[in-house]
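Written out below as structure tokens is the structure these notes cover.
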Amino acid sequence: MEKYRYSDTNKRYYTQSYYLKERFGCKVMKISLNCGFTCPNIDGSKGVGGCTYCSAGSGDFAGDPQKSVTEQFYEVKARMNEKWHEGLYIPYFQANTNTYGPVERVKALTEEALSLENVVGIAISIRPDCISGDMLRFLEALSKRTYLTVELGLQTVHDRTATNINRCHSYEDFLKCYRRLHECGINVCVHLINGLPGESREMMLESAREMAKLDLHSIKLHLLHIIAGTPMAKDYLDGKLSALTLEEYVGIVCDQLEILPADLIIQRVTGDGNRNTLIAPLWSLKKFVVMNEIDKELVRRDSWQGKFASR
């Protein structure tokens, strides 16, 4: 195979690292923040308890919500700089739903983040049912000022699965939100989770096929983590569900990469698990092993991202 077009390494898929380096000319790091937001399936407006897999609003590695954006930023940045040298930064409003609150509060938080040293953009994680007209207009204006990515939690296109995991929104809700954001010219990143209870390999591929039909900026492919203290952990320990093996996960991700468009940025092909709370699958703690196995499988197949994509 000729060298993959969107790569300067051995990767056969379009990594976020490569995209940001091409766009900004150097290493760009995301700084995960927790600003104390909640979700409508946590606070009772739509449901209680949150998603059945969720322990901390997807903010296990974010900052301390008791501290300001500035304090969190420099604390997380210091940890990251132990691994990477200085570069540019994107504050990432990660934990829970970061548009589930007053527009003025979201404005104040993003303005504080944009004022910090070497910040070149903002990433905001949301649910598809938590964006008012005023919030949409704010995000549209923000996207014209800086590199903005709205990370839209979907996890699956299958409503039966979404009901089982207490998402409290439908695939149609997602599509309506996506269209509103896209019409405003806002970059959209979608999150999918592989290994959700009751989903077959074909169902996971169907989620990827549906995403391939959209004009997305980027996508994150996650592995389902069974986290201590969650309803899903109880089901796992009771033998009501199982976790994917490494071989199964690698095969599914490679299948998904083959049908996703070649020019779609892949922000993640696996997630970070907290070794203090992760119950299964424990093989996922070796993140670089997982990524290397994906690389090796694409080579074994003589394949690459977009090989079987329709666009």
Check whether Gln256 reaches the backbone of Met204 with its side chain - one donor and one acceptor, N or O, closer than 3.5 Å. yes

Under a 4.5 Å cut-off applied to non-hydrogen side-chain atoms, are Ser125 and Phe93 in contact? no

Polar side-chain atom of Asn166 near backbone of Gly50 as donor-acceptor pair, under 3.5 Å: yes

For Ile266 and Ser218, what are the C-alpha separation, side-chain angles and deciding distance, and is it a side chain to side chain contact (heavy atoms under 4.5 Å, CB included)? CA-CA 6 Å; Ile266 310 296; Ser218 51; over 6 Å; no

Arg167 vs Leu154 side-chain heavy atoms within contact, under 4.5 Å: no

Under 4.5 Å between any side-chain heavy atoms of Arg268 and Gln16, yes or no? no

Evaluate the criterion side chain to side chain contact (heavy atoms under 4.5 Å, CB included) for residue pair Leu264 and Tyr13; output intermediate values, then yes/no. CA-CA 9 Å; Leu264 176 64; Tyr13 55 91; over 6 Å; no

CG/Leu298 to CG/Asn10 distance, rounded to the nearest 0.5 angstrom? 10.0 Å

Path from Tyr89 to Tyr92 over hydrophobic side-chain contacts below 4.5 Å: no

Would you please test Glu151 and His191 for side-chain hydrogen bond (donor to acceptor under 3.5 Å, both in side chains) and show each step? CA-CA 7 Å; Glu151 301 204 9; His191 294 206; 2.7 Å; yes

Which atoms form the tightest heavy-atom contact between Thr156 and Ala162, and what is the distance? CG2-N, 4.1 Å

Verify the neighbour count for atom NZ of Lys46: are there more than 12 heavy atoms of other residues, nucleotides or ligands below 6.0 Å? yes

So which heavy atom on Val190 is nearest to which on Leu216, and how close? CG2-CD2, 3.7 Å

Please check this pair: side chain of Gln72 against backbone of Asn34, looking for a donor-acceptor N/O pair closer than 3.5 Å. yes

Does Lys30 NZ have over 12 foreign heavy atoms under 6.0 Å away? yes

Do the side chain of Tyr178 and the main chain of Asp215 share a donor and acceptor less than 3.5 angstrom apart? yes

More than 12 heavy atoms from other groups under 6.0 Å of NZ on Lys27: yes

I'd like to know if the side chain of Asp238 and the backbone of Asp235 have a donor-acceptor N/O pair within less than 3.5 Å. no

When you compare the side chain of Asp8 with that of Tyr18, does any pair of heavy atoms fall below 4.5 Å? yes

Of all heavy-atom pairs linking Ala233 and Ile226, the shortest is CA-CG2, 3.6 Å

Tell me yes or no: between the side chains of Ser132 and Asp134, is some donor less than 3.5 Å from an acceptor? no

Between Leu116 and Lys77, is a side chain to side chain contact (heavy atoms under 4.5 Å, CB included) present by the stated rule, with each step listed? CA-CA 11 Å; Leu116 299 172; Lys77 174 177 176 287; over 6 Å; no

Can you tell me how far apart CD1 (Ile252) and CD (Glu297) are? Round to the nearest 0.5 Å. 12.0 Å

If only atom types and distance count, is the side chain of Asp159 paired as donor or acceptor with the main-chain N or O of Tyr171 below 3.5 Å? yes

Within the distance-only criterion (no hydrogens, no angle test), does the side chain of Asn292 pair as donor or acceptor with the backbone N or O of Phe288 below 3.5 angstrom? yes

When rounded to the nearest 0.5 angstrom, what distance separates CD1 in Ile193 from CD in Glu199? 9.5 Å

Check against side-chain hydrogen bond (donor to acceptor under 3.5 Å, both in side chains), Thr161 and Asn164: CA-CA 5 Å; Thr161 305; Asn164 289 341; 5.6 Å; no

Of all heavy-atom pairs between Gly121 and Thr146, which one has the smallest distance, and what is that distance? CA-OG1, 3.3 Å

Any side-chain heavy atom of Glu293 within less than 4.5 Å of one from Trp283? no

What's the verdict on salt bridge (Lys or Arg N to Asp or Glu O under 4.0 Å) for Asp255 and Arg301, showing C-alpha distance, side-chain angles and the deciding distance? CA-CA 10 Å; Asp255 289 347; Arg301 296 182 183 192; 2.8 Å; yes

Quick one about His222 and Asn194 (side-chain donor to acceptor, distance below 3.5 Å, no hydrogens or angles considered), yes or no? no

Gap separating the CG atom of Leu181 from the CD1 atom of Ile131, nearest 0.5 angstrom: 4.5 Å

Please tell me if the side chains of Phe138 and Thr110 come closer than 4.5 Å, counting only heavy atoms from C-beta onward. yes

Hey, what do you get for CD1 (Ile265) to CG (Asn187), rounding to the nearest 0.5 Å? 7.5 Å

When hydrophobic residues are tied together by side-chain contacts of less than 4.5 Å, even through go-betweens, does Trp304 share a cluster with Phe308? no

Heavy-atom closest pair (Leu278 atom, Leu282 atom, distance to 0.1 Å) is O-CD2, 3.7 Å

Are Met29 and Met291 grouped together when hydrophobic residues (ILVMFWY) are joined by side-chain heavy atoms under 4.5 angstrom apart? yes

Can you pull the ring pair (Phe, Tyr, Trp, His ring centres under 6.0 Å) pairs that have at least one residue in residues 23-44, sequence neighbours excluded? Phe24-Tyr147

Under 3.5 Å donor-acceptor, Thr97 side chain and Thr99 backbone: no

For Ala280 against Ala243, the heavy-atom pair lying closest together: CB-CB, 4.3 Å

Assigning hydrophobic clusters by single linkage (Ile, Leu, Val, Met, Phe, Trp, Tyr; side-chain heavy-atom cutoff under 4.5 Å), is Val299 placed with Ile294? no

Is Asp64 reaching over with its side chain to a backbone N or O of Gln66, donor-acceptor style, under 3.5 angstrom? yes

So, the side chain of Arg209 versus the backbone of Leu260: is there a donor-acceptor pair under 3.5 Å, distance only? no

Step by step, would you call Glu82 with Arg79 a salt bridge (Lys or Arg N to Asp or Glu O under 4.0 Å)? CA-CA 5 Å; Glu82 293 174 2; Arg79 294 200 299 267; over 6 Å; no

When you compare the side chain of Gln305 with that of Arg12, does any pair of heavy atoms fall below 4.5 Å? no

Measure the shortest side-chain to side-chain distance between Asp272 and Lys287 over non-hydrogen atoms and say whether it is less than 4.5 angstrom. yes

Give me each pair satisfying salt bridge (charged side-chain N to carboxylate O under 4.0 Å, His left out) with a member in residues 175-186, each pair once, sequence neighbours excluded. Glu172-Arg179

Flag yes if Leu114 and Met135 sit in one hydrophobic cluster, no otherwise; membership is Ile, Leu, Val, Met, Phe, Trp, Tyr, and two members link when side-chain heavy atoms are under 4.5 Å apart. yes

Check: Tyr19 ring centre within less than 6.0 Å of His217 ring centre: yes

Between Glu104 and Lys107 (salt bridge meaning N to carboxylate O under 4.0 Å), is one present in this structure? yes

State the CZ-CG distance between Arg145 and Leu148, to the nearest 0.5 angstrom. 10.5 Å

Audit row: Tyr53, Thr230, side chain to side chain contact (heavy atoms under 4.5 Å, CB included) steps and yes/no: CA-CA 6 Å; Tyr53 55 77; Thr230 63; 5.7 Å; no

